[in-house]
There are 2 protein chains.
Amino acid sequence: MLELAILGFLYDAPLHGYVLRRHIAALTGHVRPVAESTLYPAIKRLEKAGLLVRATEPGAVAAPRHVLSLTEDGGRELRRRLAEPAQREITDENHWFTLLAFLRHLADPAAQAVVLRRRLAFLEEPASFFYEGDRPLAAEELDDPFRRGVLTIARATSRAELAWLRDTLASLDGAGR
Amino acid sequence: MLELAILGFLYDAPLHGYVLRRHIAALTGHVRPVAESTLYPAIKRLEKAGLLVRATEPGAVAAPRHVLSLTEDGGRELRRRLAEPAQREITDENHWFTLLAFLRHLADPAAQAVVLRRRLAFLEEPASFFYEGDRPLAAEELDDPFRRGVLTIARATSRAELAWLRDTLASLDGAGR
DNA sequence: AGACCATACCTCGACACCGATGTATAGCGT
DNA sequence: ACGCTATACATCGGTGTCGAGGTATGGTCT
């Protein structure tokens, strides 16, 4: 998820770590903050894998900056991760939102549609958080107001997302034809 | 999050690891599956911390079971984690839903209300995923259909949750008086 | 002059998590 | 008899993440 965000931001323009950090904080920081001690090793990992290169520039304000840019391999890897996400990226909202934030980098509308359809299939599966045996329980069947809240909120999210998915898929299919 | 779920389920009734695993899978598994190799060490951690004890029983079907039950310390710890969650438990939906699933174990409506109000404060902060400088962008201002989707879905979730929070807080305040 | 904060990057130890793999019993279908 | 699945628990190596701490520069406030 973090690596995807790094690759995604660098796809648009070269950035140095400090700015990259603020970009990532804006994107997902209010939900799940990213520590510096997580970001810098992640950058090194990607550099070691040849997905990005760094160019040292004299610091505009303070210490020297390492400006990071994607290599061709990095661009390919980003597109690969966007086109063939692991199942976790589809099901976990945090991962999924990060993926959506960069899905436009997948130039082909048909490839974008494939990804959206995987999310659609996941949302269309009948699944709850609470069960009676194997039967998923509806919000109305629960006494617990907090568990009822979970289901109410999840249902509202699901409804909104399904509507958006169907809309967007229709216009992607239109564009592909 | 995992530990909270373990403590939460055991608060209702003693269970052995295998059943516990299925309970957890039902609760959060469709979004974020939990590996056995994560669950068993987590159980050991909690046991070592004195939060639960195990009693070996001959297996009803196969291998012997280790039936886990909460200690008094375990119950106290669960209530402490429910009453004073870390900020991450408030902001990250995965964590938050797990917390909500067990919040009823906090017997005091006033204490439950305190937790809900923290989530309310978080949701009422103006925050987006995308910014122009410091200004949060609205869905309508984005060209990218996928980013627009993120905001559309997040807004629907937020709306539904705010309504539910205000409702539930009102009835908790009524019960507390 | 000193305190403080923002910029900019980095290391280290601790630890939670995961996939792969292993062990053992019992039941079902072929 | 054989394979497969479900029950039931466990270990191990690799790795991603975090908190705490460190280094250095330059600007603002008092």
Side-chain angles (χ1 to χ4, degrees), chain A residues 1-7 14-25 28-29 31-49 51-68 81 86-89 91-92 94-95 98 133-134, chain B residues 1-7 14-26 28-29 31-49 51-68 81 86-89 91-92 94-95 98 134:
Chain A
M1 200 179 110
L2 175 58
E3 294 184 359
L4 187 68
I6 296 173
L7 297 175
L15 294 171
H16 63 277
Y18 200 78
V19 170
L20 187 55
R21 183 170 194 259
R22 280 201 275 108
H23 277 65
I24 292 171
T28 56
V31 168
R32 178 183 285 272
V34 174
E36 284 191 19
S37 48
T38 305
L39 175 62
Y40 285 111
I43 290 173
K44 285 207 171 164
R45 270 201 309 280
L46 297 175
E47 191 190 6
K48 211 171 150 190
L51 305 183
L52 56 83
V53 288
R54 64 174 74 198
T56 305
E57 271 185 17
V61 185
R65 296 166 166 178
H66 297 297
V67 177
L68 313 168
R81 290 190 194 206
Q87 193 56 19
R88 173 80 115 270
E89 320 285 320
T91 62
D92 188 324
N94 292 328
H95 291 241
T98 313
D134 278 343
Chain B
M1 205 178 105
L2 174 59
E3 295 184 1
L4 187 70
I6 296 173
L7 297 175
L15 294 172
H16 63 277
Y18 199 79
V19 171
L20 187 55
R21 184 169 193 259
R22 279 201 275 107
H23 277 65
I24 292 170
T28 56
V31 168
R32 177 184 285 272
V34 173
E36 285 190 17
S37 49
T38 306
L39 176 62
Y40 286 112
I43 290 173
K44 284 207 171 161
R45 272 201 308 279
L46 297 174
E47 191 189 7
K48 210 171 151 190
L51 305 182
L52 58 84
V53 288
R54 65 172 74 196
T56 305
E57 271 185 17
V61 184
R65 295 167 166 176
H66 299 297
V67 177
L68 313 168
R81 290 190 195 206
Q87 193 56 19
R88 173 78 115 271
E89 319 284 318
T91 61
D92 188 324
N94 292 329
H95 291 242
T98 312
D134 278 344

Tabulate protein N/O versus nucleotide N/O from nucleotides 11-18 of chain C, keeping only pairs under 3.5 Å, one per line.
unit_1	atom_1	unit_2	atom_2	d
C:dT11	OP1	A:Lys44	NZ	3.4
C:dT11	OP2	A:Lys44	NZ	2.8
C:dC17	OP2	B:Arg45	NH2	3.3
C:dC18	OP1	A:Arg88	NH2	3.3
C:dC18	OP2	B:Thr38	OG1	2.3

Q) Taking it one step at a time, do A:Ile6 and A:Leu20 satisfy side-chain contact (heavy atoms from CB on, under 4.5 Å)? A) CA-CA 7 Å; A:Ile6 296 173; A:Leu20 187 55; 3.8 Å; yes
Q) Quick one: are A:His95 and A:Thr98 in side-chain contact, heavy atoms under 4.5 Å? A) no
Quick one: [X] [atom1] to [N] [atom2], roughly how many Å, whole number?
X: A:Leu68; N: C:dC9; atom1: CG; atom2: P; answer: 8 Å
X: B:His66; N: C:dA24; atom1: NE2; atom2: P; answer: 15 Å
X: A:Ile43; N: C:dA8; atom1: CD1; atom2: C1'; answer: 11 Å
X: A:Ile24; N: D:dT17; atom1: CD1; atom2: C1'; answer: 14 Å
X: B:Glu57; N: C:dT25; atom1: CD; atom2: C1'; answer: 17 Å
X: B:Asp92; N: D:dT17; atom1: CG; atom2: P; answer: 14 Å
X: B:Arg65; N: D:dA8; atom1: CZ; atom2: C1'; answer: 9 Å
X: A:His16; N: D:dT25; atom1: NE2; atom2: P; answer: 17 Å

Identify every side-chain donor-acceptor pair in residues 36-44 of chain B under 3.5 Å, counting partners at least two apart or on other chains, and give the distances.
none

Q: Supply the atom-to-atom distance B:Leu46 CG to B:Leu2 CG, rounded to the nearest 0.5 angstrom.
A: 8.0 Å
Q) Taking only residues two or more places apart in sequence, or in another chain, which ones meet B:His66 in a ring-ring contact (aromatic ring centres under 6.0 Å, His included)? A) none
**Q.** Working for salt bridge (Lys or Arg N to Asp or Glu O under 4.0 Å), residues B:Arg81 and B:Glu3
**A.** CA-CA 10 Å; B:Arg81 290 190 195 206; B:Glu3 295 184 1; 3.1 Å; yes
